[in-house]
Amino acid sequence: MAERPTYYVTTPIYYVNDSPHLGHAYTTIACDALARFMRLDGYDVRFLTGTDEHGQKVKKSATAAGKSPQAFTDEVSERFRALGPLLNLSNDDFIRTTEPRHTSGVQALWRTLVERGEIYLGTYAGWYAVRDEAFYTESELSPGPNGSRLAPSGAPVEWVEEPSYFFRLSAWGERLLRHYEEHPDFVAPDSRRNEVIAFVKGGLQDLSVSRTSFSWGIPVPGDPRHVMYVWLDALTNYMTAVGYPATDSELYARYWPADLHMVGKDILRFHTVYWPAFLMAAGLEPPRRVFAHGWWTMEGQKMSKSLGNVIDPHAMVARYGLDPVRFFVLREVPFGADGDFSHRAVVGRLNGDLANDFGNLVQRVLTMIGKNCGARMPEPGALADADKVLLGAAYGLLERQRAAYRVQAFHTALAELWDVVGRSNRYVDEQAPWALRKTDPARMAMVLWVLAETIRHLAILAQPVIPGAAGDVLRQLGVADDRRRFADLGPKGALVAGTPLPAPAAVFPRFVAEETA
RNA sequence: GGCGGAGUAGCUCAGCGGUAGAGCAGGGGAAUCAUAAUCCCUUGGUCGGGGGUUCAAAUCCCUCCUCCGCUACCA
């Protein structure tokens with residue numbers, strides 16, 4: 001038997017300085033939908049998420065909370081891990097940068113880079129604001145009193161020099177540009193690709209990859225006064241989670257290079273410039289693709305702690321239900337663009353697309369089968385033209401879904417599914433099975449079977465995005481758990497007449513206005 | 001400032017050289033299997049302003065206006 005093709009997809013590892021919010025949920029849901037889609041399509045999938053736990057900010061937050069960094073990160077990391085059950089995530093692994101498998105792997109990568117002459121000891125010099133504990137570039141500074149300079153925060157800065165290890169990033173500009181050229185799908189969407197190319201064309205400086213100003217990090221091998229730059233540390237998780245530095249290990253051999261790193265647009269550069277440069281410098285393969293998605297505003301406003309409009313995923317799921325939320329974030333905006341998470345829009349999708357269009361379609365069909373076909377899957381007969389048209393649309397969905405998922409166009413994939421939902425509702429009205437019940441019961445049975453079979457296709461293909469509801473629909477259709485893969489689509493997996501069906505129950509209740517307190 | 005992107009129906013957007021489109025919202029109607037869900041019809045736009053190329057321009061070119069992104073070492 002031939003080996004199944006593999007697919008390795010990652011979320012960024014989330015920085016534990018922050019509690020999980022809609023943004024984290026969004027990225028992870030998108031990856032989950034992708035992972036589920038590929039699994040259903042027969043791929044050997046690896047889906048990774050985790051937490052990024054080192055750095056000065058974490059240390060400060062831990063101190064502020066009166067905890068040790070390890071105790072603090074244990075706690076916050078657990079809140080990210082809890083997103084798994086909350087959002088029905090299917091990740092195969094969850095990595096923390098404080099785990100030994102990671103820290104030792106990163107140190108191995110460091111040693112490799114040193115051996116290859118890609119890292120050298122130098123001096124980092126820059127404008128440093130003691131109050132902010134941060135360096136700033138010349139361009140960020142504004143003039144202060146008496147010829148001094150001020151940071152954007154208003155803090156005074158001073159010229160500071162400290163020893164630091166540097167990565168020879170400047171040597172990789174041409175190689176990176178060639179990589180972008182030869183792999184046009186490496187950065188998506190295209191607008192982001194242009195940005196990255198423009199950035200690299202502007203010239204690259206060597207990158208400071210160690211710090212001596214704090215110690216909450218991975219020690220530099222052979223020079224423990226330094227800890228590693230958090231991005232070198234963090235990015236490497238994608239490899240340490242599959243066994244790096246054991247490049248001959250089963251996991252690494254199977255899954256590296258990753259097929260897709262999903263990221264927010266704010267961390268694009270780290271993934272498309274530094275990361276591939278680190279890897280090429282170490283003689284390793286870069287990931288195949290990096291997709292930068294957009295951000296959500298909340299009722300038209302930027303989410304921020306000060307505005308108090310940061311969405312807690314638990315509250316969001318409690319209010320709307322999980323599958324509606326998953327559906328909304330992937331359906332509402334073209335993936336890659338920014339979107340607005342408004343109550344009105346969520347309810348519109350939930351009541352319109354899910355409850356009225358899809359949920360009600362399933363309900364009306366299953367109820368008619370329940371009442372008029374003895375609660376068993378009806379007997380199909382000869383196909384009328386209208387039947388062929390509808391079934392043809394259903395059969396044609398898989399290829400279209402693949403094309404959309406291939407480029408992470410979740411919104412397109414869902415729109416195509418819902419096109420068939422609409423066709424199905426029109427078909428019900430045109431065929432009017434409630435009238436056929438009296439005039440031509442055999443034809444009624446055929447119509448209901450065609451609808452059930454179409455719904456089977458829709459539900460199987462909707463599983464990646466709304467796994468709970470789609471699974472419920474399939475259960476109500478009497479489709480066994482092991483007959484829900486994409487290989488079961490088409491006539492060969494068709495619903496079998498006579499199969500006893502459970503009593504139908506609504507899958508998507510409409511959202512009704514909450515009591516105003 | 002430089003580079004890139006976008007401005008099309010009330011809203012969100014598709015169209016990217018050949019008689020202005022979709023979804024939602026609004027208006028009217030049909031049907032009654034169904035979560036009063038569904039289906040049909042319909043109102044609505046001088047496609048940001050101006051100029052140009054063309055038999056023909058949302059669609060190509062120029063220019064102006066507005067908005068957004070990027071312009072490196074917090075992550």
Side-chain angles (χ1 to χ4, degrees), chain A residues 12-18 52-58 60 124 126 132-137 139-140 153 164 166-167 169 189-211 229-234 264-270 273-274 292 294-295 331-334 337-340 342 344-345 348-349 351-372 411-412 415 418-419 421-422 424-437 444 447-448 451 504-512:
Chain A
I13 46 173
Y14 301 115
Y15 203 53
V16 295
N17 195 39
D18 204 359
D52 177 11
E53 310 188 6
H54 290 128
Q56 189 169 32
K57 280 193 175 182
V58 171
K60 279 179 80 173
Y124 185 76
D132 300 345
E133 296 183 41
F135 281 93
Y136 294 98
T137 58
S139 60
E140 289 176 292
S153 62
S164 172
F166 283 84
F167 170 70
L169 183 64
D190 282 343
S191 54
R192 298 297 169 193
R193 180 169 182 267
N194 293 339
E195 281 180 16
V196 170
I197 290 173
F199 175 78
V200 175
K201 277 189 175 160
L204 298 173
Q205 297 169 21
D206 287 351
L207 186 68
S208 165
V209 288
S210 76
R211 298 286 187 274
Y229 175 45
V230 278
W231 273 105
L232 177 59
D233 169 352
K265 61 185 183 180
D266 53 326
I267 55 174
L268 218 218
R269 179 187 310 143
F270 303 101
V273 180
Y274 302 170
W295 283 1
R331 175 65 186 86
E332 184 67 5
V333 300
D338 291 345
D340 183 44
S342 72
R344 185 190 173 83
R349 290 290 176 194
N351 287 352
D353 292 357
L354 295 177
N356 296 350
D357 292 344
F358 186 56
N360 182 58
L361 169 70
V362 174
Q363 179 89 336
R364 67 199 299 209
V365 170
L366 288 174
T367 303
M368 279 189 276
I369 291 174
K371 286 182 183 168
N372 305 313
H411 61 295
T412 306
W418 257 255
D419 175 60
V421 169
S424 301
N425 273 317
R426 264 164 267 151
Y427 173 90
V428 180
D429 280 52
E430 285 159 11
Q431 300 300 318
W434 52 89
L436 293 169
R437 181 165 62 97
M444 175 201 72
V447 166
L448 293 176
L451 283 163
V507 284
F508 288 114
R510 289 172 59 83
F511 182 94
V512 287

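Note that the structure is a prediction, hence the values are computed from the model and not measured. Each chain gets a letter, A, B and so on, in the order its sequence line appears, and its residues count up from 1.
Annotation for A:Ser164 and A:Ser210: closest pair OG-O, 3.4 Å, computed over non-hydrogen atoms.
Using bins of under 30°, 30° to 60° and over 60° for the plane-to-plane angle, the ring pair A:Phe508/A:Phe358 lands in the tilted bin.
A:Asn372 places a side-chain heavy atom less than 4.5 Å from the side chain of A:Met444. Residues A:Val447 and A:Tyr427 form a side-chain contact, since some pair of their non-hydrogen atoms from C-beta on lies under 4.5 Å apart. A:Arg331 is listed as a side-chain neighbour of A:Asp353, based on a closest heavy-atom distance under 4.5 Å. At least one side-chain heavy atom of A:Phe199 sits less than 4.5 Å from a side-chain heavy atom of A:Leu204. Using a 4.5 Å cut-off on side-chain heavy atoms (C-beta onward), A:Leu169 and A:Gln205 make no contact.
B:U53 and B:A20 are spaced 22 Å apart, taking the P atom of each and rounding to whole Å. Using C1' as the reference atom, B:C55 and B:U19 are 14 Å apart when rounded to the nearest Å. Nucleotides B:A9 and B:C62 place their C1' atoms 29 Å apart, quoted to the nearest Å. Comparing the C1' positions of B:U43 and B:G29 gives an interatomic distance of 15 Å, to the nearest angstrom. Between the C1' atoms of B:A6 and B:A25, the separation comes to 24 Å (whole Å). For the P atoms, the distance linking B:U8 with B:G2 amounts to 25 Å, nearest Å. Distance noted for atom P between B:G52 and B:G26: 43 Å (whole Å). The same atom, C1', is picked in B:U66 and in B:G48; the two are 8 Å apart, to the nearest Å.
Contacts of A:Phe199 with the nucleic acid, taken as non-hydrogen atoms under 4.0 Å apart, include base atoms. Using a 4.0 Å heavy-atom distance criterion, A:Gly203 is classed as a base contact. A:Leu366 comes within contact range of no nucleotide atom at all, as no heavy-atom separation falls under 4.0 Å. Within the nucleic acid shown, A:Glu332 has no heavy atom closer than 4.0 Å to any nucleic acid atom. Residue contacts for A:Trp418: at a heavy-atom cut-off of 4.0 Å it reaches no nucleic acid atom on any strand shown.
Spacing between atom CZ of A:Arg331 and atom C1' of B:C13 amounts to 10 Å, rounded to whole angstrom units. With rounding to whole Å, A:Leu207 atom CG is found 10 Å from B:A75 atom P. Note: CG (A:Asn17) to P (B:A75) measures 11 Å, nearest angstrom. Spacing between atom CZ of A:Arg269 and atom P of B:C74 amounts to 10 Å, rounded to whole angstrom units. Taking atom NE2 of A:His54 as the reference point, atom P of B:C74 lies 18 Å away to the nearest angstrom. Counting to the nearest Å, the P atom of B:C68 and the CH2 atom of A:Trp295 are 15 Å from each other. Atom CG of A:Asp266 is separated from atom P of B:U71 by 11 Å (rounded to the nearest Å). Atom CZ of A:Arg192 and atom P of B:U71 are 10 Å apart (whole Å).
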Intermediate values then yes/no, salt bridge (Lys or Arg N to Asp or Glu O under 4.0 Å), A:Asp52 and A:Lys57: CA-CA 11 Å; A:Asp52 177 11; A:Lys57 280 193 175 182; over 6 Å; no
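When each of A:Glu195 and A:Val230 is assigned the nucleotide of RNA chain B with its nearest heavy atom, A:Glu195 is the one assigned upstream, toward the 5' end. Nearer the 5' end of RNA chain B, as judged by each residue's closest nucleotide, is the contact made by A:Asp338, out of A:Asp338 and A:Leu204.
A salt bridge is absent between A:Arg349 and A:Asp357; no separation between the charged side-chain nitrogens and carboxylate oxygens falls under 4.0 Å.
Among the nucleotides B:C73, B:U71, B:G69, the one closest to the side chain of A:Tyr229 is B:C73.
With sequence neighbours excluded, no residue forms a side chain to side chain donor-acceptor pair (under 3.5 Å) with A:Tyr124. Every side-chain contact (heavy atoms from CB on, under 4.5 Å) that A:Ser191 has, sequence neighbours left out, goes to A:Pro189. Listed by chain and number, the residues in a side-chain contact (heavy atoms from CB on, under 4.5 Å) with A:Asp338 are A:Lys265, A:Trp295 (sequence neighbours excluded).
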Dot-bracket line, read 5' to 3' along RNA chain B, where crossing pairs take [ ] and | marks a partner on another strand, Watson-Crick or G-U under 3.5 Å: ((((((((.[[[[.)..(..]]]].(((((.......))))).....[[[[[..)....]]]]])))))))....
B/S/- contact track for nucleotides 1-6 of chain B, protein heavy atom under 4.0 Å: ------
Under 4.0 Å protein heavy-atom contacts per nucleotide of nucleotides 25-41 of chain B, with B for base, S for backbone only and - for none: ------SSBBB-SBSS-
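The distance from atom CZ of A:Arg510 to atom CG of A:Leu354, rounded to the nearest 0.5 Å, is 11.5 Å.
Of the possible donor and acceptor atoms, none in the side chain of A:Asp419 sits under 3.5 Å from a partner among the backbone N and O of A:Ala415.
In textbook terms, a nucleotide whose glycosidic angle is within 90° of 0 is syn, while B:A56, being further out, is anti.
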